[in-house]
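Reminder, nothing fancy here: chain letters follow the sequence lines and each chain counts from 1.
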Amino acid sequence: MGQNEANYEFCLNIADFIIQIKSDIAFQPETGYESFFTDKKQTTDFVVNCKAEIPLTIFAGQNPVFEAENEQQKFYDIYRHNEGLGFIIYNQQNKNTIQQIALLDKDFRNWTIYSSSETDYNPLRYPMGPIIMHYMTIKTNSVMMHASCAFDGQRGRMFSGFSGVGKSTMSRIWAEAGSTIINDDRLIIRELGNKFFVYNTPMYYKDIPKKAPLNAVYLIHHSPENKIQKLKGALAASRTMAFCIQNNYDQNFVAERLDFFVRLAAAVDIYDLGFVPNASVIEFIKAHE
Amino acid sequence: MNTENLSKLKSRFVSREVDKELILVPLTGNIAKMNEMFTLNETAKLIWENMDKVDSEESLTDLITTEFDVSHEIASADVSAFIKHLETML
């Protein structure tokens, strides 16, 4: 079989987006993807072509438009490439090693991912998978959030904030009260019609795909007592947007994100919530809805 | 800061007006700054709306003293603080 002819295919359904994966070489995605496999005859929203060689010099001489790194870790660089984007993804154990190079077309629908076949071939290896999921949201009235969400069968309540504010604690409290936890760390919000829905995404552990209506957003922090303040307008939109996953190098992306959160803030109740980490917060929240 | 630099600084933000308030989001390649954004009070909004229409920070100060009942000294400090804040967000 020739280099350009994929001999391995499967489809994923993530947040009701169908992603067709085609690869030169068969591979096993990480455990978290297993429950997201779907019938490949469905309509495809995104196509990911996986190739088994890395064209290391493809961005030679170019400066990245964005570098995702912090003091401890280098994650990926983004380049402008043929009206679309190009990515260099670094190995998370050795930041000087390129793990994948990926190209995304101008419509943000078609990916080509180049990975080395010399060691444990896996084109979706972290952080490539979450990068694909994030870029699925850019042109589809969707966002990816650092947040947890609990669904009690009637209302979907999302809890967001910086690391350590209690997203997982809040999930545990609602789970103990019988709610379904959509996820306790990373979510996709989609605007469908004039309603907003929350979805989980594949994580490093196995979980089934879940979806819930989004009825309220709580920007949480620990507090000596439960206290709540409803946020409106610009403050509600900007404070919620602060917890979405974003690469703020492109004016159009940012403008679309801002518009999304302005619409979200108009449609969904948004609160600042200081909470005591016990079951009392459930009745407190319900009493203020 | 002259008009060219004020315009350049302003172009590195995306703004949206919601219910007469403005949200500013910086265009930045700095991952630590990605989640920083803020809404503007009345004075800051006036500075923002005019910073690419005047020839200097001094002109912005004059505008503030014309629009609001504040001294030149306070207006000048407000303009400087706002511009410094914008720069630190990038």
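- Here the closest non-hydrogen pair linking A:Ala234 and B:Val18 is N-CG1, 3.7 Å.
- Around NZ of A:Lys139, the count of heavy atoms belonging to other residues, nucleotides or ligands within 6.0 Å exceeds 12.
- A:Leu258 approaches B:Ser15 most closely through the heavy-atom pair CD1-C, 4.3 Å.
- Separating the CG atom in B:Asp19 from the CG atom in A:Leu235 is a distance of 11.5 Å, to the nearest 0.5 Å.
- Annotation: maximal heavy-atom pairing with chain B below 4.5 Å, among A:Ala266, A:Ala265, A:Ala255, A:Gly233, occurs at A:Ala255.
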